[in-house]
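Report on the following structure.
Residue numbers begin at 1 in each chain, while the letters A, B, ... track the order of the sequences.
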Amino acid sequence: MKFRILDHDTASAARRGEILTDHGSIQTPVFMPVGTAGAVKALHINDLKDKLDAKIMLGNTYHLFLRPGLDVLSAAGGLHKFNGWDRAILTDSGGYQVFSLAGTRKIKEDGVIFQSHIDGSRHSFTPENTVDTQRIIGGDIIMALDECTPYPCDYDYASKSLDLTHRWLKRAWHHFQNTEPLYGHSQSFFPIVQGSVYGDLRMKSAEVIAETGAEGNAIGGLSVGEPAEMMYEMTEKVCAILPADKPRYLMGVGTPANLLECIALGIDMFDCVMPTRNGRNGMLFTSQGILNMKNEKWKNDHSPLDPEGTSFVDQAYSRAFVRHLFVAGEMLGPMIATVHNLGFYLNLMKEVREKITEGTFAGWKNVMVTKLQQRV
RNA sequence: GGGGAGAUUCCAGAGCGGUUAAAUGGGGCAGACUGUAAAUCUGUUGGCGUAGCCUUCGGAGGUUCGAAUCCUCCUCUCCCCA
């Protein structure tokens, strides 16, 4: 993987860059659609590629490990061959599941013992075996196993958890450097900053992560329920320490406004289930703001889904029709919403890149943040 | 023509003397969702001046301190036999 910065914004820490992987180049800032189980829900892989022109998608180690399992992925020759996506893939380590499946897991020094949400079977994730698993899945970028702490989280717990995440990182990094990719393309390893909402812990973590010398760095444990201002504050502190010549990836963020604010702080990469999940549940992010497609007010609104939208569904379908699909429980509704929302996010990132190159990003961002948060 | 069953809040359908503005499901309306246990979950759904009051369980009477619940008649549905 190679990263180079092409332009800097004049009035913020935003930058435009390019990541080169063996599965193509990625313009940053980038939003990466989440395809947990190897597929973006309600979306064809071909639409993700040809219609939306996404350059990278996510997969999840925990989910793919449980289903279809490593034997199948290995026999397929990795996830790229298995799902037919020939562009870049980033896999999460399962660290988020340490957080989201809190009821069915146990954290130990060695790693995490999980109970499968599918059949209750017990499995153990360690810093080492999650690297191995991600070698088998074959993502272009793979993540360190971390503990994503909840919010709120007391200082003592956050501090101890952070130390564990750092010890895990040391082991994972060592293992990563002593193992090889399996399918002929290179893989990059990203460590993850933790530290909850405590500035000193975040800064300490950022230093540890920066020292690792990985090709890119991630920030985790944010957007788990804390106020947005707190998230921005932590992001800003961390970005000041993480190396400027490497991509910074803010995990699990966020709303369109979140993205713009964090880009201004120096973030290059994002992923989030929001455009896909909320889309399936009827929430559309549009150039006019946020709208709930299920609301009665769209019943007879026969205007385009998003008059300023750039994806193919935006002019092709009316709000009235899409509302009808949601109300009737037709699966085409979630499918259209998914295309629209991802199209909106991806196009927003394209605009961001143009504004950074023009040097007008910061001012434009402030106008957009207000606009995009409005309820339509 | 004979015999039987039943009419409940938008719908279906409980309730069978007070704890019932009335279970439950559906539908409607609204909300939530941030490294996906999610095509999911939650709230709400007679009216109003909402710690209270008013109107409501086919219609009209009646019994009772009190009726969606018991009695009488009426109207209308459905099923079986001829």
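Using bins of under 30°, 30° to 60° and over 60° for the plane-to-plane angle, the ring pair A/Phe125/A/Phe65 lands in the perpendicular bin. Taking the six-membered ring where the residue is Trp, A/Tyr62 and A/Phe114 present tilted rings, their angle falling between 30° and 60°.
Judged by distance alone, the side chain of A/Thr357 and the main-chain N or O of A/Arg353 form a donor-acceptor pair under 3.5 Å.
With P as the reference atom, B/U45 and B/C10 are 14 Å apart, rounded to whole Å. Separation of the P atoms belonging to B/C33 and B/A67 is 48 Å when rounded to the nearest angstrom. Of the P atoms belonging to B/C78 and B/A12, the separation is 14 Å, rounded to the nearest Å. The C1' atoms of B/C11 and B/G3 are separated by 31 Å, rounded to the nearest whole Å. Separating the P atom of B/G1 from that of B/C74 is a span of 16 Å, rounded to the nearest Å. Here, B/C57 and B/G46 have their P atoms 15 Å apart, quoted to the whole Å. Nucleotides B/U63 and B/U72 are separated by 15 Å at their P atoms, to the nearest Å. B/C53 and B/A7 are spaced 31 Å apart, taking the P atom of each and rounding to whole Å.
Base pairing analysis places B/C29 opposite B/G43; the two distances defining the Watson-Crick or G-U wobble pair are each below 3.5 Å. With a cut-off of 3.5 Å on both Watson-Crick or G-U wobble distances, the partner of B/A21 is given as none. Base pairing analysis places B/U69 opposite nothing; no Watson-Crick or G-U wobble pair with both distances below 3.5 Å involves it. As the counterpart of B/U77, B/A5 is assigned, both hydrogen-bonding distances of the Watson-Crick or G-U wobble pattern falling under 3.5 Å. Figure legend. B/U63 is base-paired to no nucleotide; pairs are counted as Watson-Crick or G-U wobble with both atom distances under 3.5 Å. Pair check for B/A14 finds none; no Watson-Crick or G-U wobble contact set falls under 3.5 Å.
A/Arg171 and A/Asp110 are joined by a salt bridge, as a carboxylate oxygen and a charged side-chain nitrogen come within less than 4.0 angstrom of each other.
Between A/Asn258 atom CG and B/G35 atom C1' there is a gap of 14 Å when expressed in whole angstrom units. In this structure, A/Arg323 places its CZ atom 7 Å from P of B/A30, rounding to the nearest Å. As a whole-Å value, the separation of A/Ile290 CD1 from B/C33 C1' is 12 Å. As rounded to whole Å, 19 Å separates atom P of B/U34 from atom CZ of A/Phe344. Atom-to-atom, CG of A/Leu291 to P of B/A30 comes out at 12 Å; the value is rounded to the nearest Å. Atoms CG (A/Leu342) and C1' (B/U34) sit 14 Å apart, rounded to a whole Å. Here the C1' atom of nucleotide B/G35 and the CD1 atom of A/Ile209 are 15 Å apart, to the nearest Å. Atom C1' of nucleotide B/G35 and atom CD1 of A/Ile56 are separated by 13 Å, given to the nearest angstrom.
Across all strands shown, A/Asn295 has heavy atoms under 4.0 Å from sugar-phosphate atoms exclusively, and none from any base. Residue contacts shown for A/Arg375 are limited to sugar-phosphate atoms, with no base heavy atom under 4.0 Å away. A/Met283 comes within contact range of at least one nucleobase, with a heavy-atom separation under 4.0 Å. Among the atoms of the strands shown, none is found under 4.0 Å from any heavy atom of A/Val224. Residue-level contact check: A/Gln194 touches the bases, meaning some heavy atom is under 4.0 Å from a base atom.
Applying the side-chain hydrogen bond (donor to acceptor under 3.5 Å, both in side chains) rule to A/Lys41 yields no partners; only residues at least two apart in sequence or on another chain are considered.
For residues 308-317 of chain A, the pairs satisfying side chain to side chain donor-acceptor pair (under 3.5 Å) are A/Gln288-A/Glu308, A/Ser311-A/Asp314, A/Asp314-A/His340, with sequence neighbours left out.
Residue side chain A/Asp146 reaches the base of B/G35 through a donor-acceptor N/O pair under 3.5 Å, judged by distance alone.
Tested against A/Arg15 for a salt bridge (Lys or Arg N to Asp or Glu O under 4.0 Å), the candidates A/Asp9, A/Asp268, A/Asp245 yield a single pass: A/Asp268.
Inspection of the A/His80 and A/Asp140 side chains reveals an N or O donor paired with an N or O acceptor under 3.5 Å.
Cation-pi geometry between A/Lys355 and A/Phe361 is not met: the NZ or CZ atom fails to fall both under 6.0 Å from the ring centre and inside 45° of the normal.
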For this session: If a protein heavy atom is under 4.0 Å from the base, mark B; if only from the sugar-phosphate, S; if neither, -; do that for nucleotides 36-47 of chain B going 5' to 3'.
Result: BBBBB-------
